[in-house]
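What follows is a short report on a single structure.
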Amino acid sequence: MKIATWNVNSLRVRLPQVIDWLQQHDVDILCLQELKLPDDKFPLEALQEIGYQAAWAGQPTYNGVALVSKLPGTEVQRNLPDFEDPQQRLIAATYETEAGPLRVASAYCPNGEALDSDKFIYKMAWFEAFHSWLAKEQKKYPQLVVLGDYNIAPADIDVHDPKRWEGKVHTSPEEREHFQALLQMGFVDAFRAHHPDDPGFSWWDYRRRAFARDAGLRIDHALVSQALWPHCVDAWVDKDPRSNTQPSDHTPVVIQLSI
DNA sequence: ATGGTCGTCTCACGA
């Protein structure tokens, strides 16, 4: 089965591209971030017409996450428990497979704006709560995948110009420690584990012709639990949608599981 | 040179 993540930066604008992409690729579950639409504007019918179901957590203007899937999800969890937050950044659901229950989460981790900002303090607090939640979640669901926009480039290979990004959000030691803490829990960074030497950028700034210069970052990740990792046969970045007319600034990351 | 470009109930703010 194939599971993907895509920060679409407005599902209203990107819906035709999402539908095209789902029809071109045999993806079982697509994790979306930055829907930027309220719950009553979620385009469920358009997705149902091409054979998908969905669970979502939206809000007007900002944030918003969804799970778009061929099979229905159960035990849907919206946002982090024990972390009061009006920003809709997380949704998780359980899918029945022949190998047993598979838990899937779609995460839109905070951007952080700048290292000396209040939003960075919020980012650090959010990751603390995310870590605590995942520790419990992985005990409950050994087969767990957590895909999304982490807004962290875990190492210098994930950065087109590490010098230029020094002291900026996405690459700071504090952020990287949070990402490493997730790996220390047993999660595997699927793309990096399968492709140790490929930068695998997933985001390019709209400004300064960043995509044309390949001036990107790898900030969208698929973390696979220890128990599931032997079944993760590959992971890749699909750069094609970034070349679309009116593209998202992010492009999809995909994992293939042999379950 | 700290610029630029998107998206949003837009002329400000978040990314």
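In the text below, chain A, chain B and the rest are named by the order of the sequence lines, each starting its count at 1. Below, all heavy atoms of this structure are taken into account, side chains as well, without hydrogens, waters or symmetry copies.
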A:R78 and A:D39: salt bridge (Lys or Arg N to Asp or Glu O under 4.0 Å), yes or no, with the steps? CA-CA 12 Å; A:R78 289 174 181 83; A:D39 280 341; 5.9 Å; no
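Across B:dG7 and B:dC11, the matching C1' atoms stand 14 Å from one another, rounded to whole Å. Separating the C1' atom of B:dA15 from that of B:dT10 is a span of 15 Å, rounded to the nearest Å. Nucleotides B:dA1 and B:dC6 place their P atoms 26 Å apart, quoted to the nearest Å. Atom name P, nucleotides B:dG4 and B:dC9: the rounded distance is 24 Å, in whole Å.
Against DNA chain B, the stretch residues 110-121 of chain A makes heavy-atom approaches under 4.0 Å through A:N111, A:K119.
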When you check every protein heavy atom under 4.0 Å of nucleotides 4-9 of chain B, what one-letter string (B, S, -) results, 5' to 3'? BBSSSS
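Using modelled atom types and a 3.5 Å distance limit, the side chains of A:Q88 and A:N63 yield no donor-acceptor pair.
Looking at A:S106, its side chain does come within 3.5 Å of a backbone N or O of A:L32 through a donor-acceptor pair. Between the side chain of A:E113 and the backbone N or O of A:L115 there is no donor-acceptor pair closer than 3.5 Å.
In this structure, A:D149 atom CG and B:dA15 atom P are separated by 10 Å, rounded to whole Å. Put simply, CG on A:N7 is 17 Å from P on B:dG14, counting in whole angstrom units. Remark: C1' of B:dG3 and CZ of A:R209 are 15 Å apart, rounded to the nearest angstrom.
As judged by a 4.0 angstrom heavy-atom cut-off over every strand, A:F211 is placed among residues making no nucleic acid contact.
The one candidate from A:W21, A:Y108, A:W203 that meets the ring pair (Phe, Tyr, Trp, His ring centres under 6.0 Å) condition with A:W6 is A:W21.
The pair A:R242-A:D214 does not count as a salt bridge, with every side-chain nitrogen at least 4.0 angstrom from each carboxylate oxygen. Of the charged side-chain nitrogens involved, at least one lies within less than 4.0 Å of a carboxylate oxygen, so that A:D189 and A:R218 count as a salt-bridged pair.
Residue-environment remark: CD (A:Q226) stays at or below the threshold of 12 foreign heavy atoms within 6.0 Å.
By the 30° and 60° cut-offs, the orientation of the rings of A:W133 relative to A:F130 is parallel.
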